[in-house]
Amino acid sequence: MTKTTKHIVPRFKLMLFYDVATDDTEAYFQFLMSEMVPALHEMGLYLFRAFQTIPAQAGGEHRHRQVEYVAEELETIQEVLRSEKWCALETGLRLHVSGYSRKIVRFRQGFQL
């Protein structure tokens with residue numbers, strides 16, 4: 001079966017910020033790629049890009065991440081954030097990260113904070 005690619009016009013971003021626990025990077029990556037990204041895609045959020053700054057703090061062992069998901073409608077993001085599935089995904093993510101925060105912004109090209 002062939003999977004078709006859906007083209008969207010991104011208008012909003014859900015931005016996640018966190019540090020990855022260095023002793024758990026494989027489990028973090030497995031969770032992200034096998035659970036979080038596919039589930040959010042199914043719910044209408046699409047992984048746009050991820051940034052990593054090295055190091056998060058001078059001499060620190062953590063790496064700061066900024067992960068961005070996009071959607072055409074603000075309501076899509078709001079529905080995802082109200083869902084039980086999101087609560088489970090966010091709880092799972094928090095098992096692998098520290099310093100977690102999130103925000104929603106209007107989409108624009110280029111780096112956003």
Given the rule in the side chain to side chain contact (heavy atoms under 4.5 Å, CB included) test, do K103 and F17 qualify, once you have shown the distances and angles that lead to the verdict?
CA-CA 9 Å; K103 72 178 179 178; F17 306 91; 4.0 Å; yes
What do you reckon, is CZ of R106 surrounded by more than 12 foreign heavy atoms closer than 6.0 Å?
no
Answer with yes or no whether the hydrophobic clustering places I77 together with V70; edges join I, L, V, M, F, W, Y residues whose side-chain heavy atoms lie under 4.5 Å apart.
no
Is there a side chain to side chain contact (heavy atoms under 4.5 Å, CB included) between L93 and M36 once you walk through the steps?
CA-CA 8 Å; L93 179 64; M36 190 159 196; 4.0 Å; yes
Between Y100 and E90: side-chain donor-acceptor atoms closer than 3.5 Å:
yes
Going by atom types only, do R65 and Y28 share a side-chain donor-acceptor pair under 3.5 Å?
yes
Pairwise distance CD(Q30) to NE2(H96) - rounded to 0.5 angstrom
10.0 Å
Assess whether side chain to side chain contact (heavy atoms under 4.5 Å, CB included) is satisfied between L40 and V80, documenting all intermediate values.
CA-CA 8 Å; L40 291 178; V80 166; 3.8 Å; yes
Can you check side chain to side chain contact (heavy atoms under 4.5 Å, CB included) on L81 and I104, steps first, answer last?
CA-CA 11 Å; L81 295 180; I104 300 168; 3.8 Å; yes
Spatial distance of atom OG (S83) from atom CD (Q78) [nearest 0.5 Å]:
12.5 Å
Provide the closest heavy-atom pair for P38 versus L32 in the form atom of the first, atom of the second, distance.
CD-O, 4.0 Å
Return the CG to CD distance between L16 and Q66, rounded to the nearest 0.5 Å.
9.5 Å
Closest non-hydrogen contact found for T76 with G44 is CG2-O, 3.7 Å
Are K13 and E68 within salt-bridge range, i.e. N to O under 4.0 Å?
yes
Check the surroundings of atom CZ in F29: do more than 12 heavy atoms from other residues, nucleotides or ligands lie under 6.0 Å from it?
no
Looking at side-chain heavy atoms only, is the closest gap between Y18 and V67 below 4.5 Å?
yes
Between atom CZ of R82 and atom SG of C87, what is the distance when rounded to the nearest 0.5 Å?
11.5 Å
To the nearest 0.5 angstrom, please state how far the CD atom of E79 sits from the CE atom of M43.
9.5 Å
Can you give me the closest heavy-atom contact between D19 and H64, atom names plus distance?
OD1-CA, 3.1 Å
In the structure I gave you, are the side-chain heavy atoms of V105 and M15 within less than 4.5 Å of one another anywhere?
yes
Check V37 against Y69 and note the closest heavy-atom contact, atom names and distance.
CG2-OH, 3.7 Å
Taking C-beta and beyond as the side chain, do F107 and V9 meet within less than 4.5 Å on heavy atoms?
no
Quick one: closest heavy-atom pair of L74 and F12, and the distance?
N-CD1, 3.4 Å
Interatomic distance, I8 atom CD1 to E73 atom CD [nearest 0.5 angstrom]:
10.0 Å
